Chemist: 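Have a look at this one.
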Amino acid sequence: MLVAIETSCDETAVSIVDVARARAGSDILDEGVIRAEIVASQVRLHEPYGGVVPELAARQHVTSLPILFEKALLDSSISVKDISAIAVTRGPGLKGCLLVGLCFAKAIAYSLKKPLMALHHMEGHIFACELVAKSDRANYPCLALVVSGGHTQLVLMPEFRKYKIIATTRDDAAGEAFDKSATLLGLPYPGGPALSKRAANGDKNRFKFPIGVPNDSSSFSFSGLKTAVLKVVKDLKAGGELSSQDVDDISASAQFAIVKALVDKTVDACRQYSPRSLLLTGGVAANPLLRTMCAEKAKTLGISFVVPPPKWCTDNATMLAALALRIIENAPETFDTWNGRDGMLGPDVSMEVGAVARWPLSEL
Ligand code: KG4
Ligand code: ZN
């Protein structure tokens with residue numbers, strides 16, 4: 001059994017997968033391979049502050065993780081002794097939060113003398129794209145649009161675990177653009193999902209919000225959008241409170257500007273790099289408009305499109321398990337001999353692997 005642990009931000013997550021069955025040829029989505037998966041959201045804890053408070057988040061992981069771990073063992077009807085490997089997020093993320101998961105994982109690995117895989121959070125998001133039907137999975141070379149609360153990147157993958165970042169944000173991440181626009185509209189925390197719900201009833205053409213750096217294919221920029229939303233809100237409020245229709249229309253217009261910026265640059269990159277598959281992943285990939293527009297563009301471009309179900313787009317531990325299984329599949333001897341490769345600990349390897357708050361995917 002492989003235990004995966006994710007604590008990089010404000011979700012504590014534990015999943016358990018049957019690594020023996022996977023190694024014997026079963027697919028991760030075959031019945032019974034994922035034995036347990038739990039995500040404990042800290043949304044209510046951070047709600048009064050309108051954003052994640054790092055110290056509170058870390059403390060909550062300390063409280064939640066042991067409980068989740070016990071529950072995951074119960075859910076999968078296994079005991080600690082059945083664990084044969086541990087995967088954990090090493091970074092990037094909030095340092096204090098990462099440390100909780102990493103120290104917990106190291107302790108299990110050390111005490112059971114089992115290998116530990118200390119993994120990259122964004123690589124985990126990319127491998128969430130394995131959590132779709134086998135026939136729908138990506139073909140290399142592929143291009144991933146990775147959009148979360150902290151990252152907005154276009155990543156080219158010529159082959160397994162090779163990453164070239166071809167576009168990134170100059171300022172806010174796409175998730176932040178959703179969250180900050182939502183805050184300006186007085187929508188409940190977390191803003192992204194709330195704004196996307198309101199957008200469903202709004203008119204996207206009522207306000208024309210700017211698309212950041214339209215002529216730079218290697219950058220995204222969302223700070224101008226935030227200022228533009230603020231201006232519209234102020235102007236409308238000068239005539240009284242925002243009506244419900246105003247909120248719906250601003251939501252739809254802001255969502256459209258964010259999604260169009262993401263999709264336009266993704267299409268440009270597809271034309272330039274000719275990938276066989278387009279991947280969409282990270283928390284913002286749960287956005288229905290983004291999913292639909294990416295799917296349509298991929299169809300027009302004649303390439304396949306892969307997006308995980310929404311529950312595996314936002315932070316979870318099953319995406320790490322999916323990555324860990326692929327690593328094991330591609331290097332079975334390394335795994336079997338605990339042969340201390342970078343990021344992989346065995347009982348005979350140093351325990352010095354540390355949490356990394358900032359860790360570009362290209363430096364993996
Ligand atoms: O990947 P994730 O769960 O955590 C990070 O690693 O950051 O991404 C969280 C981000 C938040 O900014 C959240 O507002 C956004 O994903 N998000 C959405 C939606 N669901 C989550 N943004 C737009 N529409 C959604 N439906
Ligand atoms: Zn994430």
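Just so it is clear, the model here is predicted, and its values are computed rather than measured. Counting begins at 1 with the first residue of the sequence. When a ligand or atom number is given, it counts from 1 through the structure's own listing order.
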Chemist: Would you say Gln245 and Asp249 are linked by a side-chain donor-acceptor pair, where the criterion is simply a distance under 3.5 Å?
Modeler: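 Checked: Asp249/Gln245 side chains pair up, N/O donor to acceptor below 3.5 Å.
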Chemist: With nothing but distance in play, are any N or O atoms of Gly191 less than 3.5 Å from an N or O of ligand 1?
Modeler: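 In fact, backbone or side chain, Gly191 has no N or O that close.
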Chemist: At less than 2.8 Å, would any N/O/S atom of Cys9, backbone or side chain, sit next to the Zn ion (ligand 2)?
Modeler: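 No N, O or S atom of Cys9 is closer than 2.8 Å to the Zn ion (ligand 2), so no.
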Chemist: Indicate, as side chain, backbone, both or neither, the part of Pro190 found under 4.0 angstrom from ligand 1 when only non-hydrogen atoms are considered.
Modeler: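 It is neither part, as no heavy atom is under 4.0 Å.
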Chemist: Pick out which of Arg161, Lys162, Arg90 makes a salt bridge (Lys or Arg N to Asp or Glu O under 4.0 Å) with Glu123.
Modeler: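 It is Arg161; the other options fail the test.
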Chemist: Side chains of Asp246 and Ser243: do they bring a donor and an acceptor to under 3.5 Å?
Modeler: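 Yes, side-chain donor-acceptor contact under 3.5 Å.
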Chemist: Write down the atom of Tyr273, the atom of Ile166, and the distance for their closest heavy-atom approach.
Modeler: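 Closest heavy-atom pair between Tyr273 and Ile166: CE1-CD1, 3.4 Å.
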Chemist: How many angstroms lie between atom CG of Leu242 and atom CG of Leu236, to the nearest 0.5 angstrom?
Modeler: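 Going from CG on Leu242 over to CG on Leu236, the span is 6.0 Å.
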Chemist: Only heavy atoms of Gly150, strictly under 4.0 Å: list the atoms of ligand 1 that pass.
Modeler: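 Contacts of ligand 1 toward Gly150, numbered from 1: 7 (O).
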Chemist: Is the closest heavy atom of Glu11 to ligand 1 under 4.0 Å?
Modeler: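 Distance cut 4.0 Å: Glu11 fails for ligand 1.
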Chemist: Any idea which heavy atoms bring Leu119 and Trp359 closest together, and the distance?
Modeler: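 Heavy atoms only, the tightest pair is O-CZ3, 3.8 Å.
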Chemist: Heavy atoms only: which of Asp315, Leu290, Val147 lies closest to atom 3 (O) of ligand 1?
Modeler: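 The residue whose heavy atom sits nearest atom 3 (O) of ligand 1 is Asp315.
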Chemist: For Ala138, does its backbone N or O pair with a side-chain atom of Ser277 as donor and acceptor, under 3.5 Å?
Modeler: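 No; judged by distance alone, with no hydrogens or angles, the pair does not exist.
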Chemist: Just to confirm my output: which protein heavy-atom neighbour is closest to atom 26 (N) of ligand 1, and how far is it?
Modeler: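 Nearest neighbour among protein heavy atoms for atom 26 (N) of ligand 1, to 0.1 Å: Ser196 OG, 3.5 Å.
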Chemist: Counting non-hydrogen protein atoms only, what is the nearest one to atom 22 (N) of ligand 1? Give residue, atom name and distance.
Modeler: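 The answer is Gly192 CA, 3.7 Å.
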Chemist: Below 4.0 angstrom from a heavy atom of Asp179, which ligand 1 atoms are there? Numbered from 1 as shown, please.
Modeler: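 Here the atoms of ligand 1 in question are 11 (C), 12 (O), 13 (C), 14 (O).
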Chemist: Who are the side chain to side chain contact (heavy atoms under 4.5 Å, CB included) partners of Ser41, not counting sequence neighbours?
Modeler: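 Glu11, Val43.
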Chemist: Between Arg137 and Ser304, does the side-chain hydrogen bond (donor to acceptor under 3.5 Å, both in side chains) criterion hold? Intermediate values first, please.
Modeler: CA-CA 9 Å; Arg137 289 186 193 151; Ser304 70; over 6 Å; no
Chemist: With atoms numbered from 1 as shown, which atoms in ligand 1 lie under 4.0 angstrom from a non-hydrogen atom of Thr314?
Modeler: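 Numbered from 1, ligand 1 contributes 3 (O).
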Chemist: Please report the closest heavy-atom contact between Asn287 and Leu289, naming both atoms and the distance.
Modeler: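 Looking at all heavy atoms of both residues, the shortest contact is OD1-N, 3.2 Å.
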Chemist: Could you tell me which non-hydrogen atom of Cys270 sits nearest to which non-hydrogen atom of Ile303, and how far apart they are?
Modeler: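 Where Cys270 meets Ile303 most closely, the heavy atoms are SG-CD1, 3.8 Å.
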Chemist: Is the Zn ion (ligand 2) less than 2.8 Å from at least one N/O/S atom of His151?
Modeler: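 Looking at His151, which is the residue asked about, there is no N, O or S atom under 2.8 Å from the Zn ion (ligand 2).
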Chemist: Answer with side chain, backbone, both or neither: which part of His151 has a heavy atom less than 4.0 angstrom from an atom of ligand 1?
Modeler: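 Neither; no heavy atom under 4.0 Å.
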Chemist: Hey, which atoms in ligand 1 end up nearer than 4.0 Å to a heavy atom of Phe178?
Modeler: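 With Phe178 as reference, the close atoms of ligand 1 come out as 22 (N), 23 (C).
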Chemist: I need the nearest protein heavy-atom contact for atom 21 (C) of ligand 1: residue, atom name and distance, please.
Modeler: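 Of every protein heavy atom, Gly283 O, 3.4 Å lies nearest to atom 21 (C) of ligand 1.
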Chemist: Which residue and non-hydrogen atom of the protein lie closest to atom 9 (C) of ligand 1, and at what distance in Å?
Modeler: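 That would be Gly149 N, 3.7 Å.
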Chemist: Identify whether Leu230 and Phe256 are in the same connected component of the hydrophobic contact network (ILVMFWY, side-chain heavy atoms under 4.5 Å).
Modeler: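 Yes; tracing contacts between hydrophobic side chains, which count when under 4.5 Å, links both residues.
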Chemist: For the Zn ion (ligand 2), find the closest N/O/S atom on Asp315 and give its atom name.
Modeler: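 The atom in question is OD1.
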Chemist: For ligand 1, which atoms sit closer than 4.0 Å to a heavy atom of Gly175?
Modeler: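 The list of qualifying atoms is 12 (O).
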Chemist: With atoms numbered from 1 as shown, which atoms in ligand 1 lie under 4.0 angstrom from a non-hydrogen atom of His125?
Modeler: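 Selected atoms, number and element: 1 (O), 6 (O).
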Chemist: Heavy-atom count around Arg23 CZ within 6.0 Å, excluding the residue itself: above 12?
Modeler: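 Yes, CZ of Arg23 has more than 12 neighbouring heavy atoms, counting only those of other groups under 6.0 Å.
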Chemist: Taking non-hydrogen atoms only, is Gln255 closer than 4.0 angstrom to ligand 1 via side chain, backbone, both or neither?
Modeler: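 Neither; nothing of Gln255 gets under 4.0 Å from ligand 1.
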Chemist: Examine the proximity of ligand 1 to Asn287 and report which part, side chain or backbone, both or neither, has a heavy atom under 4.0 Å away.
Modeler: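 Within the 4.0 Å criterion, Asn287 contacts ligand 1 through backbone and side-chain atoms alike.
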Chemist: What atoms of ligand 1 come closer than 4.0 angstrom to any heavy atom of Ala286?
Modeler: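 Here the atoms of ligand 1 in question are 20 (N), 26 (N).
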